[in-house]
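Take a look at the structure set out below.
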Amino acid sequence: MMPHKKNLSFWSSLRFRLLAGTLAWVLLTIIVAGWGLDSLFKQHMMQQVRAELTLHFNQLLSFVAVDANGKVSVPHALSDARFDQPLSGLYWQIDQLDEQGQAETTGLLRSRSLWDNVLPTAGIGNTSAALQEFIITDADGSVLNAVGRIIQPEEESSLPLRLVVAINHDIVALPAERFRNMLILALTVLAVGLMVAVTTQVILGLRPFGRLRKSLADVHEGKTLHIEGDFPAELEPLVNDFNQVLDVNAKVIERARTQAGNLAHAVKTPLAILSNAAAKEQSSFSALVKEQVAMAQRQVNYHLARARAAAAMQASSSRTPVKKSLEALIRVMQRLYAERNLDISLHLQEDNCTFRGEEQDFQEMLGNLLDNACKWASHAVSITVVSTQNEIVITVDDDGEGLPETQQDLIFQRGIRVDEKKPGTGLGLDIVRDLTDLYQGTVMTATSSLGGLRVVLRLPAAN
């Protein structure tokens, strides 16, 4: 599922939009430019062909001679040598028409380049029109571009003549095709170069946003307190404003934590005085006072732990080595329950796994879990730590009597005590649950393989 999400994020990203828009515009521009250049070259070639044919036609017209007997001749050779080369692709032809304008003699005179062929010129020309352009298909199926017109010689006995000059269309088409192929190759190279340049420019232009995102991730994970690095002038004001917000937020949180600590000290002092005063008496009233004072102290400690964890999640870059903290807690529990001679074992997948949070909060959570396990265990308590890239999974097992599944979730509710015979207030595991929620972790129970209760705690890991 993760690659699919990455693909979705790419298709909706600013990088994709810039690349798609720019590359589409580059391709469209190159296609339009190629079509325009090809059309212009074709028009230029056709204009040259028309100019050449017109030149040859005027030369032919000037060379046509009609004697007194009406005999038509072309006494001079045209200047282009191709007219003398058989099947060269450049031809001229003179047809003699009758008085109605119908062909009386087709190919009366023709260039040597036609050899034995005759151009199918029927219907071409008009005595009242100027020089006209035509498309002719000869007997071999070749297409010819031609110009021609019908003239009337000045001699009275002469019949109308049709003069036609034609050139094979391949002579025009082949250069156009070669130009088109070269144009396609050149524009393809240009398109590839532009695409590489655009892609490089977009990637390099958006690289500061990647560094900004990484810096924000470091701030979110608590690795740094500010966005650090050099950014372009366009992003620098945004980075400065964001760092100012972080500074203000850190000051507000620090002030709140200081006030909470001051309040705790202010409350603890009168509570200590009441506790000492009640300890001097042995009446039922003094017992009630001591009980209520102890409950008030636990409540103060509980809410201070919540405030401390909330602040740590928002503004702290604290890291807590798991192995060191657990070994310290195990030593405390072994001294606390020394008379029971419990076997408390620790199993770590990695020795260097680190909790992303404050050490006091970690000890608060694991201390309550271990205290509860030792309280109910018969002989053994097992702690297993498995770490991944993003989280730490801590499993606490005991070999006690355990709990039915219907009662396992009740132990995390405030003030609930499953067995009133055991000492406690029912607040310890509730503190564990609230601190775990503040660190966006989870805590759950199950039946242990040792026979007692299993508690699985998942907390964020520091990368």
Side-chain angles (χ1 to χ4, degrees), residues 222 298 301-313 316 318-338 340 342-377 380-388 390-400 403 408-409 411-414 422-446 448-450 452-462:
R298 284 191 295 270
N301 293 333
Y302 167 74
H303 288 290
L304 280 176
R306 284 180 58 92
R308 186 173 61 246
M313 286 299 296
S316 177
S318 299
R319 298 291 186 270
T320 300
V322 172
K323 181 179 180 181
K324 178 180 177 182
S325 297
L326 284 177
E327 288 177 344
L329 287 172
I330 290 174
R331 288 193 295 268
V332 172
M333 294 300 161
Q334 286 174 339
R335 288 195 296 267
L336 186 61
Y337 295 94
R340 297 180 55 190
L342 293 175
D343 179 17
I344 305 176
S345 59
L346 175 61
H347 310 280
L348 289 98
Q349 182 186 41
E350 297 180 2
D351 291 343
N352 59 347
C353 57
T354 307
F355 163 61
R356 181 160 62 89
E358 292 193 353
E359 183 177 4
Q360 291 177 328
D361 298 328
F362 184 80
Q363 292 180 349
E364 185 81 25
M365 291 182 283
L366 269 299
N368 280 294
L369 290 181
L370 288 178
D371 182 58
N372 184 75
C374 292
K375 189 183 301 180
W376 294 96
V381 174
S382 174
I383 307 165
T384 305
V385 181
V386 178
S387 63
T388 64
N390 298 319
E391 68 175 3
I392 299 171
V393 182
I394 303 174
T395 304
V396 180
D397 292 293
D398 66 71
D399 62 348
L403 288 173
Q408 288 178 358
D409 292 336
I411 63 174
F412 294 108
Q413 297 183 16
R414 180 178 299 185
K422 295 289 183 179
T425 61
L427 293 175
L429 295 181
D430 183 51
I431 294 175
V432 174
R433 183 196 61 186
D434 285 347
L435 289 175
T436 303
D437 290 343
L438 287 172
Y439 279 100
Q440 298 179 357
T442 60
V443 61
M444 56 189 303
T445 58
S448 172
S449 58
L450 299 180
L453 184 67
R454 166 174 291 179
V455 180
V456 181
L457 180 65
R458 296 177 181 269
L459 296 173

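Sequential numbering from 1 along the given sequence is applied to the chain's residues. We use all heavy atoms of the structure for the numbers below, so side chains are in, but hydrogens, waters and symmetry mates are not.
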Contact summary for Ile344 and Cys374, nearest pair of heavy atoms: CD1-SG, 3.7 Å
With Phe355, which residues qualify under ring pair (Phe, Tyr, Trp, His ring centres under 6.0 Å), at least two apart? Phe362, Tyr439
Which distance, rounded to the nearest 0.5 Å, do you find between the CG of Leu453 and the CG of Asp399? 12.0 Å
If you define the side chain from C-beta out and look only at heavy atoms, does anything of Ile383 sit under 4.5 Å from Thr395? no
List the steps, then state whether side chain to side chain contact (heavy atoms under 4.5 Å, CB included) holds for Val381 with Val396. CA-CA 7 Å; Val381 174; Val396 180; 4.3 Å; yes
4.5 Å side-chain heavy-atom contact, Glu391 and Thr388: yes
Do we see a donor-acceptor contact under 3.5 Å between the side chains of Asp397 and Ser448? yes
Looking only at heavy atoms, which two atoms of Ile392 and Thr354 are closest? And how far apart? CD1-O, 3.2 Å
Under the side-chain hydrogen bond (donor to acceptor under 3.5 Å, both in side chains) rule, collect the residues that match up with Ser345, sequence neighbours excluded. His347
Between Arg356 and Leu459 (side chain of the first, backbone of the second, donor and acceptor by atom type, cut-off under 3.5 Å), is there such a pair? no
Name each donor-acceptor pair under 3.5 Å that joins a side chain in residues 322-335 to protein atoms two or more places apart or in another chain, with its distance.
unit_1, atom_1, unit_2, atom_2, d
Ser325, OG, Pro321, O, 3.2

What pair of heavy atoms forms the shortest contact from Val443 to Arg433, and how long is it? CG1-CA, 4.1 Å
Closest approach of Tyr337 and Asp371, non-hydrogen atoms and distance? OH-OD1, 2.6 Å
From Leu457 CG over to Asn368 CG, what is the distance, rounded to the nearest 0.5 angstrom? 11.0 Å
Verdict with reasoning, Val393 to Val456, per side chain to side chain contact (heavy atoms under 4.5 Å, CB included): CA-CA 7 Å; Val393 182; Val456 181; 3.8 Å; yes
For side chain to side chain contact (heavy atoms under 4.5 Å, CB included), just list the numbers for Asp437 and Thr442, CA-CA rounded to whole Å, side-chain angles, deciding distance to a tenth of an Å, and then say yes or no. CA-CA 7 Å; Asp437 290 343; Thr442 60; over 6 Å; no
CA sep, side-chain torsions, deciding dist, call: Val432, Leu369, side chain to side chain contact (heavy atoms under 4.5 Å, CB included): CA-CA 8 Å; Val432 174; Leu369 290 181; 4.0 Å; yes
Taking every non-hydrogen atom, the tightest pair across Thr436 and Arg458: CG2-O, 4.1 Å
Distance col, row Leu346:CG vs Ser382:OG, nearest 0.5 angstrom, shows 8.5 Å
For side chain to side chain donor-acceptor pair (under 3.5 Å), just list the numbers for Glu364 and Gln360, CA-CA rounded to whole Å, side-chain angles, deciding distance to a tenth of an Å, and then say yes or no. CA-CA 6 Å; Glu364 185 81 25; Gln360 291 177 328; over 6 Å; no
Exercise: identify the closest heavy-atom pair between Cys353 and Leu348: SG-CD2, 4.3 Å
